[in-house]
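Read the structure below first, then the notes.
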Amino acid sequence: MDFRFTEEQEMIAETLESLLGDICSTAHLRKMIDAGQTYEASRWQALAELGLCGVLVPEDLGGLGLSEIEFVRIAEICGAFLLPEPLVESAGVALPLLAQICGTDTALKDIVAQLAVGEGHAVLFHPAMPLAAHADTARFVLRSDGKRIKYGRPGEMGVQAQLAADPLTPLFSIAVGEGCSDSLPSEQIEKAVATARDRGALFAAARMTGIAQSALDQAVAYAREREQFGKPIGSYQAVKHRLAEVQVAIEFVRPVLYAAAALVARGDDLARAHVAHAWLRAGETVRLATERAVHVHGAMGYSWEADIHLFLKRALVLSRSWGSRDLHLEHVAMRTNRYGALDAERLFGDPR
Amino acid sequence: MDLIYTREQEDFRMEVRQWMQENVPAEALSSFDASREGFEAHRSWEARLNAGRWGMVTWPEAYGGRGLDLIRWLIFEEEYIRAGAPLRVNQNGIFLLGPTLMEYGSDAQKSRFLPTMASGEEIWAQAWSEPQAGSDLAAVRSTARRDGDDYLLKGHKIWSSRAVYADWAFGLFRTEPDEKRHKGLSLIFFPLDAPGVTVQPIAQIDGETGFAEIMLDDVRVPAFNRLGEEGQGWSICMTTAGFERGLMLRSPARYQMAAARLVALWKRLGDDAPQSAQEGVLQAVMDADAYALAIYRTASKLIAGGHIGAEASTNKIFWSTMDMRLHRTALDLLGPLGTLTEAAPAAEDGGAWLDGYYFALSGPIYAGSNEIQKNIIAERVLGLPRA
Ligand SMILES: Cc1cc2nc3c(=O)[nH]c(=O)nc-3n(C[C@H](O)[C@H](O)[C@H](O)COP(=O)(O)OP(=O)(O)OC[C@H]3O[C@@H](n4cnc5c(N)ncnc54)[C@H](O)[C@@H]3O)c2cc1C
């Protein structure tokens with residue numbers, strides 16, 4: 001029992017953090033928005049060079065063969081920097097699913113290997129994810145109703161552009177019933193899709209957590225600088241306490257998030273309930289963090305010029321992805337129905 | 001990251017479980033606040049725990065412990081609470097003063113005070129607050145005047161939990177009367193039956209005695225009873241407060257058990273439970289899980305040599321808020337039945353939910369109010385400017 005990330009896990013996170021600090025600042029994002037872009041090939045390339053496009057793909061299929069424990073931190077950092085490119089969507093969700101179902105199909109295995117080194121990206125549509133980002137430029141679009149999987153190129157699958165609140169998240173819908181290849185329903189597919197859905201919710205929660213931290217950091221920075229009545233507004237208790245409450249909320253998302261990742265990695269029965277918990281908590285926290293950060297900025301927070309709205313909008317999109325409050329509460333209720341006299345020893349699942 | 005109990009940890013859990021099964025009294029002890037008998041029954045339980053070397057498992061063996069790490073302590077607590085074992089009457093000793101003594105005490109002080117603390121022979125109260133010094137603890141006025149090898153203690157302490165029947169208190173006193181605020185304070189122990197000490201019980205919100213006022217009129221104690229250096233009192237108190245807010249005083253199993261009871265109540269009520277209360281029940285389960293996970297994470301960090309910092313304040317806000325929410329949900333589930341006291345024939349769970357609600361109300365106040373914790377987080381974690 002050791003609830004710390006290993007040195008290697010920390011190192012991956014630090015490397016990504018410093019990379020994104022260099023190439024994914026809000027100034028970079030602003031330039032993209034002004035130019036009407038939502039994807040930057042050079043940034044994708046830089047991520048690919050770190051091997052990040054294939055983190056969850058087994059080594060024999062050309063990936064790094066790491067687990068959700070590594071990826072949860074990656075997703076959190078992608079959230080914190082508002083990474084526009086679909087690293088989490090592809091490397092965190094769609095690609096590992098494809099790797100799981102490709103079996104002996106060599107054409108599919110080739111595609112997996114190429115995607116794992118960043119030659120394009122994949123996206124997944126699912127009942128819990130009816131609007132997927134970056135579907136038009138995907139090399140591979142997967143669509144599942146939870147039981148079967150169809151896949152093909154964006155053109156073949158009938159994806160249609162929608163305009164989302166977040167200027168850097170191009171969302172697409174998918175026409176029902178389209179698609180060139182169709183898998184037969186099987187227990188194995190159903191299980192793989194269920195895991196993909198758990199990953200989707202888990203990594204959405206991770207991104208929301210990263211955004212919450214960034215929004216808090218910005219609110220704090222502003223509250224230290226901005227003066228009213230001759231003092232920094234951050235010296236007033238009404239401001240302090242609102243921000244301290246955000247800090248408390250964030251501190252109690254992270255352990256749930258990381259434990260959920262460990263349980264998904266282990267394939268534990270309890271994983272889904274912890275994922276649901278993380279998703280619910282992260283959603284509440286990022287709402288609190290972004291709304292309060294806007295408020296602490298005053299009218300500046302209501303302007304296009306301040307960066308904070310970018311965080312608010314990404315959070316709006318993510319907190320409505322990979323399930324609803326009702327769905328996730330139901331997953332918590334399923335665990336609760338099994339809750340015995342004191343379930344403490346089952347907190348970390350049932351490894352044996 | 002490895003979230004699997006080792007074989008040894010599982011064996012340890014079973015060892016605790018078995019001992020508790022064989023030793024926990026079948027009937028609940030009567031409250032340690034309400035009567036001397038209840039208090040003494042709890043003291044006997046502490047002696048029994050100590051005989052099994054379960055008094056304080058994290059302490060070194062020399063002081064009556066087992067030298068175990070914090071993960072084992074969490075497992076111990078889970079089993080202790082699962083077994084329905086009595087509340088720890090010496091909690092201010094073993095959870096607050098004990099660890100502080102371990103850090104600041106001389107060997108002679110540790111040998112003198114820790115073993116009798118572990119065994120329950122000496123039960124401790126905390127005597128910090130004064131009528132004019134609550135949140136603003138640095139405003140304490142009680143003095144300790146040096147007289148040869150002794151101190152003479154004088155002043156007025158208040159809200160001291162369990163001081164009515166306890167044996168000893170650890171108090172915060174001004175050793176240098178000319179120094180202001182945080183300076184010139186010292187932490188000094190005094191027996192509650194020493195000449196010059198008057199203890200006046202104070203009834204709490206539920207009408208039962210729970211804390212007390214302590215008047216000190218030239219109470220003579222040896223300088224040996226001072227912990228740390230003269231003038232070091234404030235920083236020592238902050239160490240103690242870290243234990244109080246952070247980790248030891250409120251172990252996660254307590255809330256997991258409360259959540260499990262709430263779930264049981266909800267299921268028992270079935271269709272009679274109001275629809276709107278369901279989310280509160282699920283929230284309680286999630287809160288208890290989140291708190292436990294956070295504490296396991298902190299424990300892992302501490303075992304690896306880290307220190308408890310501002311988590312102490314975030315933890316305190318979280319457990320006190322969660323406890324309030326949980327009990328409010330229980331009362332909502334029960335509707336009018338929730339307002340019945342234990343004496344009422346129709347009371348559910350012996351009126352425990354109302355009692356629990358009263359107790360939860362004090363959580364945001366004691367151990368440094370939640371407003372004070374938010375100030376600490378804002379200034380020390382977030383780096384916002386002082387007022
Ligand atoms: C059940 C219980 C057990 C206790 N046991 C002990 C014990 O064993 N030993 C002991 O020494 N003490 C004990 N206390 C006392 C406790 O430590 C104090 O109640 C606490 O420190 C608050 O002080 P106060 O009651 O004087 O409230 P005050 O300090 O008067 O505060 C009143 C209200 O004002 C708010 N407030 C105060 N200052 C500020 C500020 N700067 N900014 C914003 N809000 C502020 C507080 O948050 C609170 O809501 C106990 C209290 C309770 C309720």
Side-chain angles (χ1 to χ4, degrees), chain A residues 1-6 9 69 216-217 219-220 223-224 231-232 234-237 239-256 258-259 261-263 265-266 273-274 276-277 280-281 325 329 332-333 335-337 339-345 347-349 351-352, chain B residues 1-6 9-10 13 71 74-75 78-79 81-82 252-253 256-257 259-260 263-264 266-267 278-279 281-282 285-287 289-301 303-304 311 313-315 317-318 321 371 373-379 381-387:
Chain A
M1 176 70 59
D2 186 356
F3 210 140
R4 290 173 308 143
F5 288 103
T6 62
Q9 287 162 349
I69 300 178
L216 175 61
D217 292 348
V220 166
R224 288 163 59 139
K231 280 193 228 165
S235 63
Y236 299 112
Q237 223 176 38
V239 173
K240 274 187 176 152
H241 287 192
R242 279 164 170 258
L243 297 181
E245 282 158 14
V246 175
Q247 171 71 21
V248 174
I250 292 174
E251 287 301 324
F252 285 88
V253 181
R254 287 208 172 104
V256 180
Y258 300 155
L263 265 62
R266 207 199 287 158
H274 278 336
H277 180 177
L280 287 162
R281 236 330 121 61
R325 273 182 61 75
L329 279 170
V332 175
R335 153 154 162 67
T336 302
N337 279 323
Y339 216 73
L342 172 62
D343 210 13
E345 67 179 304
L347 182 64
F348 299 102
R352 280 176 238 289
Chain B
M1 194 155 80
D2 165 24
L3 301 186
I4 299 181
Y5 294 111
T6 61
Q9 286 164 343
E10 302 236 1
R13 180 188 292 285
I71 301 287
L74 290 168
I75 295 171
E78 286 163 13
E79 292 306 318
I81 287 175
R82 168 200 291 276
Q256 289 169 306
M257 182 54 119
V263 169
W266 177 51
K267 287 187 190 163
Q278 164 166 348
E279 199 171 330
V281 174
L282 300 180
V285 172
M286 287 191 275
D287 282 347
D289 276 354
Y291 185 62
L293 292 167
I295 296 291
Y296 267 93
R297 186 156 175 249
T298 304
S300 296
K301 186 181 98 172
I303 289 169
E311 297 103 305
S313 294
T314 45
N315 287 355
I317 290 174
F318 194 83
T321 312
E371 283 68 38
Q373 303 315 311
K374 286 177 197 172
N375 287 347
I376 293 174
I377 294 166
E379 287 165 18
V381 182
L382 302 181
L384 289 170
R386 289 174 159 274

- Contact origin within I69(A) toward chain B - heavy atom pairs under 4.5 Å: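 For I69(A), side-chain heavy atoms alone lie under 4.5 Å from chain B.
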- Item | chain B contact via Y258(A) - which portion, at a heavy-atom distance below 4.5 Å |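 Answer is both: backbone and side chain atoms of Y258(A) are under 4.5 Å from chain B.
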- Using the ring of each side chain (for Trp, its six-membered ring), is F252(A) parallel, tilted or perpendicular to Y291(B), with breaks at 30° and 60°?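 Answer is parallel, since the angle falls under 30°.
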Heavy-atom closest contact ([X] atom, [Y] atom, distance):
X: G234(A); Y: L384(B); result: O-CB, 3.6 Å
X: M286(B); Y: H277(A); result: O-CE1, 2.9 Å
X: L293(B); Y: A259(A); result: CD2-CB, 3.8 Å
X: P385(B); Y: R224(A); result: CD-CG, 4.1 Å
X: L282(B); Y: A333(A); result: CD2-CA, 3.6 Å
X: H241(A); Y: E371(B); result: NE2-O, 3.4 Å

Between chain A and each of [options], count heavy-atom pairs under 4.5 Å; write down the option with the most.
options: I377(B), T321(B), D2(B); answer: D2(B)
options: L74(B), I75(B), D287(B); answer: D287(B)
options: A299(B), G383(B), P252(B), A292(B); answer: G383(B)
options: I303(B), T298(B), N375(B); answer: N375(B)

- Message: Could you work out, with salt bridge (Lys or Arg N to Asp or Glu O under 4.0 Å) as the rule, every residue matching E279(B), not counting sequence neighbours?
- Response: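 With sequence neighbours excluded, E279(B) shows a salt bridge (Lys or Arg N to Asp or Glu O under 4.0 Å) to R325(A), given in chain and number order.
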- Query: With sequence neighbours left out, what residues match R254(A) under salt bridge (Lys or Arg N to Asp or Glu O under 4.0 Å)?
  - Reply: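 Residues passing salt bridge (Lys or Arg N to Asp or Glu O under 4.0 Å) with R254(A): E76(A).
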Is [X] close to chain A through its backbone or its side chain, or both, or neither, when contacts mean heavy atoms under 4.5 Å?
X: Q373(B); answer: neither
X: I71(B); answer: side chain
X: A290(B); answer: both
X: I317(B); answer: side chain

- Message: Could you check whether R281(A) pairs with D289(B) (Lys NZ or Arg NE/NH1/NH2 to Asp/Glu carboxylate O, under 4.0 Å)?
- Response: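 Judged by the 4.0 Å cut-off on N to carboxylate O distance, R281(A) and D289(B) do not form a salt bridge.
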So which residue, [options], ends up with the most heavy-atom pairs under 4.5 Å with chain B?
options: K240(A), E245(A), E251(A); result: K240(A)
options: L280(A), L329(A), T6(A); result: L329(A)
options: V239(A), V256(A), V253(A), D217(A); result: V256(A)

Between atom [atom1] of [X] and atom [atom2] of [Y], what is the distance when rounded to the nearest 0.5 Å?
X: L3(B); Y: L347(A); atom1: CG; atom2: CG; value: 9.0 Å
X: K231(A); Y: R386(B); atom1: NZ; atom2: CZ; value: 13.0 Å
X: R4(A); Y: M1(B); atom1: CZ; atom2: CE; value: 12.0 Å
X: K374(B); Y: Q237(A); atom1: NZ; atom2: CD; value: 9.5 Å

Below 4.5 Å, heavy atoms only, C-beta onward: do [X] and [Y] meet side chain to side chain?
X: Q278(B); Y: T336(A); value: no
X: V381(B); Y: Q247(A); value: yes
X: R266(A); Y: I4(B); value: yes

- Check: Y296(B) ring centroid to F3(A) ring centroid under 6.0 Å: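 Centroid distance Y296(B)-F3(A): not below 6.0 Å, so no.
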